[in-house]
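Computed from a predicted model, the values in this text were never measured in an experiment. Side chains included, hydrogens not; waters and symmetry mates left out as well; all remaining heavy atoms used. Sequential numbering from 1 along the given sequence is applied to the chain's residues.
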Amino acid sequence: MKRIDKRNRTQTIVFSKMEEEIRIAVIDDGHLDEVFFEEMDNDSVTGNVYLGKVENVVPSLEAAFVDIGVGRNAFLRFKDAPSRRKLGKGTKVLVQVKKDAMGTKGPQVTLKVSIPGRSIVYTPFSKHVGVSKKIDEAQERDRLYRVAKSMLNDKEGVIFRTAAYGVGEENIKDEIERLRTKWQEINESFKRSRKPKILYEESSLVEYILRERLTENTGEVVVDSEDLWHDVVSGVSKFKAGFKPVVRFVEGDSFITEDIYEKIKVIYKRIIPLPGGGNVVIDRTEAMTVIDVNSASNVSGGDIAETSIVTNLEATAQISRHLRLRNIGGIIVIDFIDMKTDEDRSKVLSVLAEELKKDKAKCFLLGFTKLGLLEMTRKRSTAAIGTKLFISCPICKGTGDIESPRVTFQRLVRDLGKLFEDKSIKRANVQVYHNLSGVLTPEVQKKLTKTFKRTLSFSFTWPIPASFEIKGSKKNGQEHN
């Protein structure tokens, strides 16, 4: 792993507090990379450890349902329960949440408990010692394995995170001891208790971000709240000497000073432009996310093949970034521009794999299908950011399509006919959405007046597309809707 020169740091982490909401943005090389909202995430229980009681074991689902005291029962898959033979109704179990509740599904839990630290993850039920794949120097990997072997007993294990690179033996020893002590407290509480309860709560959002996102590439941390300032300074102080970022306090809203509000607009876009003139289109479905790469106005290559590979390579960085930024998970299918050679496909696959190394979530590239589509998956523990920032449109119900003006007009004429079946109604005031102006022209309005032999007045002030309001009135002035 190559050391990063402090002068070339490109990452900025922005902390902002507005009333009771904490907002955090990660900017990498001038682009918004990730964004978090504590108020929206305050129901997250991922990483928490609970005393649970098995409510039901369902062999056909290869899972058990566990009451952990948070409302909906948690879902424990047999593959996350090494001792599943001991599972039975009423059994007391110690579980950790690996995925928050989503939709109608309760949280997903595991018996494979782990306690995360800055440079290691402590695994009390595993003898395995692992080292992050991002630490690729053989000498450093061997050193970390030797350090672990000298410090662990035969019933526990650790996973060295990327942040463990270059960390001294004493610091690693101190962190193992701290996490081991924390685990012993959790286990003792589990043994003493009987009812479902929380035994360990994941760090606050501020601590989590500093632990997970602070790297040697972080040049600056921006804070706009005195309340957050102390937590941030304390968290940064634990980072390796010589690579600590500058902590800068700003007056007012740091999301304004750092232009986050403008940068965040990209989350709302379906079409993301590429530097060369091409674009990436992201569509979400119930089952998967579909990403389409288009050359559009890109004519930078000498021929079609060259334009295709240039556009596809540009797309890999944007796709990787938007998977993180939008926190997209599950099955992802990417339709790159058609490539004629295996060499080009391998190059795109290799570059995308390199880009995905920046992602904290686990990504698996499954390769190209016979139709030339790239399949991949991305595991996430919390809901996609879109589910928190957006609601389904009440007009189109999420389809993106609404009734055309001509169809709405036909429905309007039909409703006027029904209204005027009542002979006592002599006039009607009609409000329509402004997009009917091309159909409901002055000539058409006069024609309708003659057809129905009533007084009609039209206004294009109705605020809701694909709908309208009709108010009929009788001779005595009484209105009829």
J.: So, the side chain of S254 versus the backbone of F15: is there a donor-acceptor pair under 3.5 Å, distance only?
T.: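 Yes, the answer is positive, given that a donor and an acceptor are paired below the 3.5 Å cut-off.
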J.: What I want to find out is whether R23 reaches D253 closely enough, with some N-O distance under 4.0 Å, to be called a salt bridge.
T.: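 So R23 pairs with D253 through a salt bridge.
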J.: Does K379 qualify as a cation-pi partner of F364, given the criterion of NZ or CZ under 6.0 Å from the six-membered ring centre and within 45 degrees of its axis?
T.: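 No, K379 does not lie over the aromatic ring of F364.
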J.: Looking only at heavy atoms, which two atoms of S132 and T162 are closest? And how far apart?
T.: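 So the two residues come closest at OG-OG1, 2.9 Å.
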J.: Under the salt bridge (charged side-chain N to carboxylate O under 4.0 Å, His left out) test against E34, which residue among K263, R213, R321 passes?
T.: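 Exactly one option meets the salt bridge (charged side-chain N to carboxylate O under 4.0 Å, His left out) with E34, and it is R213.
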J.: Spell out, as yes or no, whether a donor-acceptor pair under 3.5 Å connects the side chain of R161 to the backbone of G117.
T.: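 Yes, the answer is positive, given that a donor and an acceptor are paired below the 3.5 Å cut-off.
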J.: Are the side chain of E258 and the backbone of V222 linked by a donor-acceptor contact shorter than 3.5 Å?
T.: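 Answer holds: no.
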J.: According to side-chain hydrogen bond (donor to acceptor under 3.5 Å, both in side chains), who are the partners of S114, at least two apart in sequence or on a separate chain?
T.: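 If we apply the side-chain hydrogen bond (donor to acceptor under 3.5 Å, both in side chains) test to S114, skipping adjacent residues, there are no hits.
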J.: Quick one: does V221's side chain get under 4.5 Å of L214's, heavy atoms only?
T.: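 A side-chain contact under 4.5 Å exists here.
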J.: Compare all side-chain heavy atoms of V290 with those of D335 and state whether any distance is below 4.5 angstrom.
T.: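 No - every pair of side-chain heavy atoms lies 4.5 Å or more apart.
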J.: Between T311 and G278 (side chain of the first, backbone of the second, donor and acceptor by atom type, cut-off under 3.5 Å), is there such a pair?
T.: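 Judged by distance alone, no pair lies under 3.5 Å.
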J.: Show the numbers, then the answer: is there a salt bridge (Lys or Arg N to Asp or Glu O under 4.0 Å) between E170 and K173?
T.: CA-CA 5 Å; E170 282 302 312; K173 182 179 179 180; 5.0 Å; no
J.: Where is the tightest heavy-atom contact between F160 and L144, given as atom of each residue plus distance?
T.: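 Closest approach of F160 to L144, heavy atoms only: CE1-O, 3.3 Å.
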J.: Which residue, D224, D231, D227, forms the salt bridge (charged side-chain N to carboxylate O under 4.0 Å, His left out) with K17?
T.: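 Looking at D224, D231, D227, the match for K17 under the salt bridge (charged side-chain N to carboxylate O under 4.0 Å, His left out) is D227.
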J.: Looking only at heavy atoms, which two atoms of K155 and N153 are closest? And how far apart?
T.: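 Taking K155 first and N153 second, the nearest heavy atoms are N-OD1, 2.8 Å.
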J.: So if I apply the side chain to side chain contact (heavy atoms under 4.5 Å, CB included) rule between L325 and each of V266, V26, D33, I264, which one comes out positive?
T.: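 Exactly one option meets the side chain to side chain contact (heavy atoms under 4.5 Å, CB included) with L325, and it is V266.
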J.: Output yes when a side-chain donor or acceptor of S320 lies under 3.5 Å from a complementary backbone atom of A317, and no otherwise.
T.: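 Looks like no, no N/O pair under 3.5 Å.
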J.: Using modelled atom types only, decide if a donor and an acceptor are shared between the side chain of R378 and the backbone of I328 within a distance under 3.5 Å.
T.: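 Confirmed, R378 side chain pairs with I328 backbone.
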J.: Ion pair present between R211 and E202, side-chain N to carboxylate O less than 4.0 angstrom?
T.: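 The answer is yes: the pair qualifies as a salt bridge.
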J.: Between S119 and N171, is any pair of side-chain heavy atoms under 4.5 Å apart?
T.: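 Contact flag for S119/N171 side chains = no.
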J.: Carefully, step by step, assess R270 and D283 under the rule salt bridge (Lys or Arg N to Asp or Glu O under 4.0 Å).
T.: CA-CA 7 Å; R270 176 175 172 258; D283 287 308; 2.6 Å; yes
J.: Do E140 side-chain atoms and G166 backbone N/O form a donor-acceptor pair below 3.5 Å?
T.: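 Yes: the side chain of E140 pairs with the backbone of G166.
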J.: Measure the shortest side-chain to side-chain distance between M339 and I309 over non-hydrogen atoms and say whether it is less than 4.5 angstrom.
T.: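 Yes, their side chains come closer than 4.5 Å.
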J.: Using every non-hydrogen atom in the two residues, find where L51 and R194 come nearest and quote the distance to one decimal.
T.: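 Nearest heavy atoms, L51 then R194: CD2-O, 3.6 Å.
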J.: Measure from the side-chain N and O atoms of N312 to the backbone N and O of S308, and report whether any donor-acceptor pair falls under 3.5 Å.
T.: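 It does hold such a pair.
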J.: Nearest heavy-atom pair of G69 and P196: which atoms, and what distance?
T.: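 That would be N-CB, 3.8 Å.
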J.: Do you know the tightest heavy-atom contact between V54 and A64?
T.: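 Taking every non-hydrogen atom into account, CG1-CB, 4.3 Å.
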J.: Quick one: do W183 and F125 satisfy ring pair (Phe, Tyr, Trp, His ring centres under 6.0 Å)? Show the steps, please.
T.: CA-CA 11 Å; W183 160 246; F125 295 132; 5.2 Å; yes
J.: Indicate yes or no: at least one non-hydrogen side-chain atom of V129 is less than 4.5 angstrom from one of K149.
T.: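 Side chain of V129 against side chain of K149, heavy atoms only: no contact under 4.5 Å found.
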J.: With a 3.5 Å distance limit and no angle check, can you tell me whether R77 reaches the backbone of T110 through a side-chain donor-acceptor pair?
T.: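 Not at all, since once roles are kept as given, no pair shorter than 3.5 Å links the two residues.
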J.: Please tell me if the side chains of F336 and T316 come closer than 4.5 Å, counting only heavy atoms from C-beta onward.
T.: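 In short, these two side chains touch, coming nearer than 4.5 Å.
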J.: Apply the side chain to side chain contact (heavy atoms under 4.5 Å, CB included) test between I334 and each candidate in L374, I282, T289; give the one that qualifies.
T.: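 Only one of L374, I282, T289 forms a side chain to side chain contact (heavy atoms under 4.5 Å, CB included) with I334, namely L374.
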J.: Does D80 reach the side chain of V95, with side-chain heavy atoms less than 4.5 Å apart?
T.: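 Not touching, per the 4.5 Å side-chain cut-off.
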J.: Answer yes or no: is there a donor N or O on one side and an acceptor on the other, between the side chain of K112 and the main chain of T123, under 3.5 Å?
T.: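 No, because the side chain of K112 does not come within donor-acceptor range (under 3.5 Å) of the backbone of T123.
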J.: Before accepting this row, confirm whether a basic side-chain N of the pair E185/K182 lies closer than 4.0 Å to the acidic partner's carboxylate O.
T.: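 Not counted as a salt bridge, because no side-chain N and carboxylate O are separated by less than 4.0 Å.
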J.: Is W229 close to V247 at the side-chain level, that is, under 4.5 Å between some pair of heavy atoms?
T.: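 Yes - at least one pair of side-chain heavy atoms lies under 4.5 Å apart.
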